[in-house]
Each structure stands twice: as structure tokens, then as C-alpha cells.
2 protein chains.
Amino acid sequence: MRSESGPKRPVTLDDVARAAGVSQPTASRVLNGSARKVAESYRERVLEAARALGYTPNLPAQAMARGTSRTIALVTSLISDPYFGALAAEILKQAEAVGLHVSIAVTERRADRELDLVRELRGQQPRAIILAGSGSVDPPSEQPLVDELRRYEETGGRVVLISRSDLPFDTVDFDNHEGARQLARELAGIGYRRCLVLGSDTPLLSMRRRVEGFVHGLADAGVAGARVRHPQFSWVGARDVVLGLSNDELRDLQLVFAVTDDMALGALAGLRERGLRIPEDIGVAGFDDITTLRDVVPALTTVHVALDAVAEEAVYRATTPDPEPTRRTVPAYPVVRASTPRLLS
Amino acid sequence: MRSESGPKRPVTLDDVARAAGVSQPTASRVLNGSARKVAESYRERVLEAARALGYTPNLPAQAMARGTSRTIALVTSLISDPYFGALAAEILKQAEAVGLHVSIAVTERRADRELDLVRELRGQQPRAIILAGSGSVDPPSEQPLVDELRRYEETGGRVVLISRSDLPFDTVDFDNHEGARQLARELAGIGYRRCLVLGSDTPLLSMRRRVEGFVHGLADAGVAGARVRHPQFSWVGARDVVLGLSNDELRDLQLVFAVTDDMALGALAGLRERGLRIPEDIGVAGFDDITTLRDVVPALTTVHVALDAVAEEAVYRATTPDPEPTRRTVPAYPVVRASTPRLLS
DNA sequence: TTGTACGCGTTATCAC
DNA sequence: GTGATAACGCGTACAA
């Protein structure tokens, strides 16, 4: 049976001060850091009283009094996605390391939700808002979002963007173009020529960069004219494209490169349904190097992104004032694995 | 170049009221629901002013004035883990559906961190605290945590536990015992006899239940004496156990069951390193049915858990007062896939 | 229906 | 070094 005494009032600073026989400001100075000094005897009594009463500062009240909170808001597309999950995890870790709380909201890839969420989150008075993912190739349509973020920034908040190069705020991203380009060069170097590139039907800048980078990389190596498709941005979308290829097209291919690991695996599933063996009959490569895929066989060739570095940089920017929008690009580099063995020519 | 006008003050209800030519309480009644009615003309002017100024309610201030916030705090072990990631995602979705914000903190499986986090989160004045994962088999050691949670509860907060049956609060879990038991019966039914069970070296009640359930299931089917090991609770731990088996032990086995999919995959990797083919030489089964593993080959036999139902129930409990601690058990059921084909006896 | 006055828990400014 | 007192933005009795 639970105690029936009805909702008690939480223990406040006042309670602690009274119990310790000091004034409330003094208790405040002891418990929540202040420049001012407090006599040792008082200090001990306050700490003792706080411990005995189980005092915890009321963060909303602190935030209001101080005018700034220790919370950062993270807006992400889809946390169940292993890629965003990993990114969110890294951000949580970094934030915690500097004593910040994190409030997470998901857009589920809907641009309008994004705007609403930012507006709502602004109400939480977070110290910073981090926007991860999404990022349209169509900047003008983002104007309302930019306005909203600007307003937030004007009141002292920090805005940090991850992996979206379209908005005029501090941005951390990785080198989508260069990563894909180097991957293409390496693969061309071990014999791959006839490639199918799977982009995305969504207007995501980062995905477009990956497609462009890959095509450039092939061109660097003297391979021209990769086929490019833009299926639905998902495992299923990639699989469906493969399932829709004619037998001739399929037979002709040596490699499928998809702009995410998730899609690469969809393609892989589709290729298997079509009766092809991976990697004996055809190679597959992705992008992201998602940890949770380490058990896929054959091990997937992909482009690795240092998410920990991305998160660290993002949290750093989120806590560091910065008069001008800055862009930091974290390198991405290819990792060739069993899904793309060297081809004998 | 960014505007240099220095941090402006955010737009407050007062600003809106002034702009609309009404009193602050009237603006409050219009913008943030109140029982009281406001004349239509006033209503419109307030709404218009709010829109024009870009007003967003200051949530911490609201929380303080109302004495309750619209935030729930989620404490989880490890969000990068696909299992917890999926659970967190479902909770975010459910919370959003009822208009609640979510603040996430990770314990990284350290019991002391858990206590600290709860204390800290309490300061955020969330409407509820949801604890997911962990859950020691050693309840006495949790007393400080229980005390802290009780204190929180006494001030009107709700406490909900997911998948840990050791504490006297509202609990949502899934039937670890029964799920594993039925899996064992099904596998025994298609010929599996000589099994290695991989538990966990951590004192987690849910994992212990899975081990017990599996052994019971085997017993139900007349199979006695499964070997049980308790490796480190991770992919690597499971793999290492397999790598450490003698050739004789290995040859004798027909199945490895691990208490999580993650560990099952570790075991699978280890088995392959030992030169065994899966499933031709030996079967492998896990628990959790993690979505992101759909591309593992062979498809992993496992126990499915309806995380969406778990999340829904948890958020429901988090928002519904309840005089007595209640337990709700969500079913878990085996899903037999290619990693455990029928054995010819 | 509307406005005045006060309180929520905390920090900051200022005398002492 | 310490303690009154005034903010912070909002909700809500209460009076008008």
C-alpha cells in the first residue's frame, strides 16, 4: 500500500534554508554555484539540510531566474533508423559530458512537423537547438523555418545543423561528396565499371551529393555514364527498383551503390530475390557504415562517417557563441569489404 | 552577416497582451486554454498579435505557474543499442501523440548513474519518469533508487518501469519467461536437443527469466540439461564464449540460444570463425526481434516483442493516476526463421 | 466577461 | 559574508 498522504509539496530551497537556519539566498549560493563565498559553518549546515531533505533544484525555476537553461533540444528525423539512433546516442553522450540535458523530438521526415517542433521547442527555452537530418535541396521552401530559427537565435539561443547544408546557421556535416567519390575511385580501381546508383526521391541535399560524388569518382577513373535511379528513400524503395529491372539490365550490372546502407541492404535483398549471389554475381555498396550491420553477410562495403566527431562538434558549437555561421566538415572515407571483392578483368 | 542587435528578450504574454490592447490574463486565457470565455473580438486580436509577434509560451514558466509540466523523462540504458533505440522511438511517438515532450537520459548500464539521473531528472519537474531496461535481480541494492522514486511520486509524479520486475511501481514488461519457453518448445518440436544457452553476467532479472523460460521449455518437451553459460552481456561476450568452446563441445551442439539478438549474432559470428556453417551445421536463436536485423542471413529465429504496445502502455500509465502499483505484461512469442531449420532426426 | 494582485522557486542586486 | 527585495513569465483566485 502506498502512502495516502496526498501530493506533498516538493522540497524547495526555502525549506532547506529554514532547516539550516540561514536565508534563502545563502542556501542558493551554497547549493548552486555562485561566485560569492559562504562561511564554512553555514556551508556545512546547508549541505547537511539539503541532503537530509532530499533537495533537488527546480530546474524550470532556475531557468526562469537565470534566463537560461541547461537543456538542448534535438530535432531528428527518425530515431528508430539505426543511423539517426547512433547519432542521437552520440549527442546524448557528448551533451551529458558537459552537463546538458537533451530533449528529443522526431519529425518523421515531414518538413511541416519540423517547423512546428522548432516552435514548440523554443518554448522550452533550451540553450541550443540541434537539427539533424533532413535538409532540402530546395532552400526557398525552408524560409519559415529559417525565420523561426532566427527568432530563436536573436533571443540568445544557438542553432546547429547536422548534415544539411542549406540553411544559414552553424553547420556540421560530413563530406558526402568526397566520401562517395573516393569510394567510386576505389571500386573502379578494383575493376567495377557498370554501376547502378540508387539515389533518393526526396529532395535531400546530402543524398544528392552522394550521388554526384560517386558519379564524379567514376569519371575520375575514366568510367562514364553510370545509371542513376531515384527510388523511394527506404529499404523497400531500393529493393523495388532492383525487382523492377529487366533481366538484361540486371545481367549487365557489376555493382549497385545506394546512398545509404539501409537502401543498400534493400537492394541486396532484391538482388537475392532475383537469384543473384552477392558478391559472386554482383557487388553492393552503401553509405553510413552503420554499426548494427556488422553481422550482415557479406560484410558491406560502405563509406564510414565518424558520428562521434560529428556529435562532439555539434555539441561544442551548441555551447559556444559564434558571431558568424560556421561550417565544419567531418571527413568520410570508404571502407571496402567483402560485398565488393576485386574483379578479375 | 547576422543581425548585431544583441540578444533580444523573447516575446512574452505581456507583449502580446499589450499589442492586443488587453490585459495579460485575458491573453493567457485565449492562448493557453482556460475554462473561461473571452469575447470574440478580443480573442481575435490576441491571436493576431500572438501570430504577428511569433509568441511561444515559455514552458518553464508555465510549468512553474501550473505546478506541472508536459514533459516526461525517459531513463534508458543505451540508446545506440537497436533494441533500446526502437523502444525509445516508440515512446517518443506515443508521447507526442498525447502532446508530451520527452527528455532522454542514458545510464550506460551503471546502477549508480541511474540514481543520479533520477535525482537530476526530478529537478526538471517532469510529469512522469519512465525507467526502461536494467533491473537488477538484487532488489535490496536498489533501495536508494526506490526511495528517490518514492519521493518523486509523493510530489505527484508518476513512475513507470519497463521490463524490470523488481521495484514497487507501475510496471510494463513482456513475458520473458513464456516467450523463451515457447521458443524452446517449438525448437524442441522440430528436432533440437543439445542446446547451449547464453545468459548474461549482469544481474538482470529479465535476462535470467529468459534463461529459465528456455530451460523450462526444453524440459516441457522432455529435453533435459541444457548447458548454460553467462558471458559478458554483449555481442563480444557471446562470441568469446563460442570461441572458447572445445572442438568436442562444439561438435556436439545443435543450437545456440542467446538471451538477446545482439548476443545471438555475436555467437553466430563466433561459430563462423570456428568454421561452422549456419544453419547447416548448427542453429542459432535470439530474443527481441530487432527490426534492423532483417537483413542478417540466415534470418534469425527469435522471440518477438511488441514494443509499440509496450510503449503505448507505458505512456498511458505515465499519464494516468493510479493508486496502486500495477503490472501489465505484454505477450512475447517465438518467430522461427531460417537460422533454425527443422532437423532430420 | 475582464482586470488586479499575488504566488510559483529561483537568482541577482543591493544595502547592511 | 549575509539577508531583504525585486525580478523572471505565467496561471489563477478574487474583485470589479
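Note that the structure is a prediction, hence the values are computed from the model and not measured. Naming convention: chains lettered A, B, ... in sequence-line order (proteins, then strands); numbering from 1 in each chain.
- Ion pairing between B:E48 and B:R45 fails under the 4.0 Å rule for side-chain N and carboxylate O.
- Going from atom CD of B:Q125 over to atom P of D:dC10 covers 18 Å, rounded to whole Å.
- B:E40 has its CD atom 12 Å from the P atom of C:dT1, to the nearest Å.
- Side-chain atoms of A:T171 come within 3.5 Å of backbone atoms of A:F169 as a donor-acceptor pair (strictly under, hydrogens ignored).
- Residues B:V75 and B:I104 are not in side-chain contact: their nearest non-hydrogen atoms beyond the backbone lie 4.5 Å or more apart.
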Could you go through nucleotides 7-10 of chain C and list every protein N or O atom that sits under 3.5 Å from one of its N or O atoms, giving the distance for each pair?
| unit_1 | atom_1 | unit_2 | atom_2 | d |
| --- | --- | --- | --- | --- |
| C:dT10 | OP1 | A:Y55 | OH | 2.7 |
| C:dT10 | OP1 | A:N58 | N | 3.2 |
| C:dT10 | OP2 | A:L13 | N | 2.4 |

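- Interatomic distance, OG1 of A:T319 versus CG of A:L100, reported as 7.0 Å (0.5 Å rounding).
- Between atom CZ of residue A:R29 and atom CD of residue A:Q24 there is a gap of 10.5 Å, rounded to the nearest 0.5 Å.
- Regarding B:R29, its CZ atom lies at a distance of 10 Å from the P atom of C:dT1, rounded to whole Å.
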Report task. Tell me, with the steps shown, if A:D308 and A:E312 meet side-chain contact (heavy atoms from CB on, under 4.5 Å). Result -> CA-CA 6 Å; A:D308 51 350; A:E312 186 177 357; over 6 Å; no
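- Side-chain N/O atoms of A:T26 include one lying less than 4.0 angstrom from OP1 or OP2 on D:dG3.
- Separating the CD atom of B:E44 from the C1' atom of C:dT1 is a distance of 16 Å, rounded to the nearest angstrom.
- For the strand DNA chain C, secondary-structure stems (runs of at least three Watson-Crick or G-U pairs, all distances below 3.5 Å) span C:3-16 with D:1-14.
- With A:R127 contributing its side chain and A:S69 its backbone, the two residues share a donor-acceptor pair below 3.5 Å.
- Using a 4.5 Å heavy-atom threshold, the side chains of A:Q125 and B:N58 count as touching.
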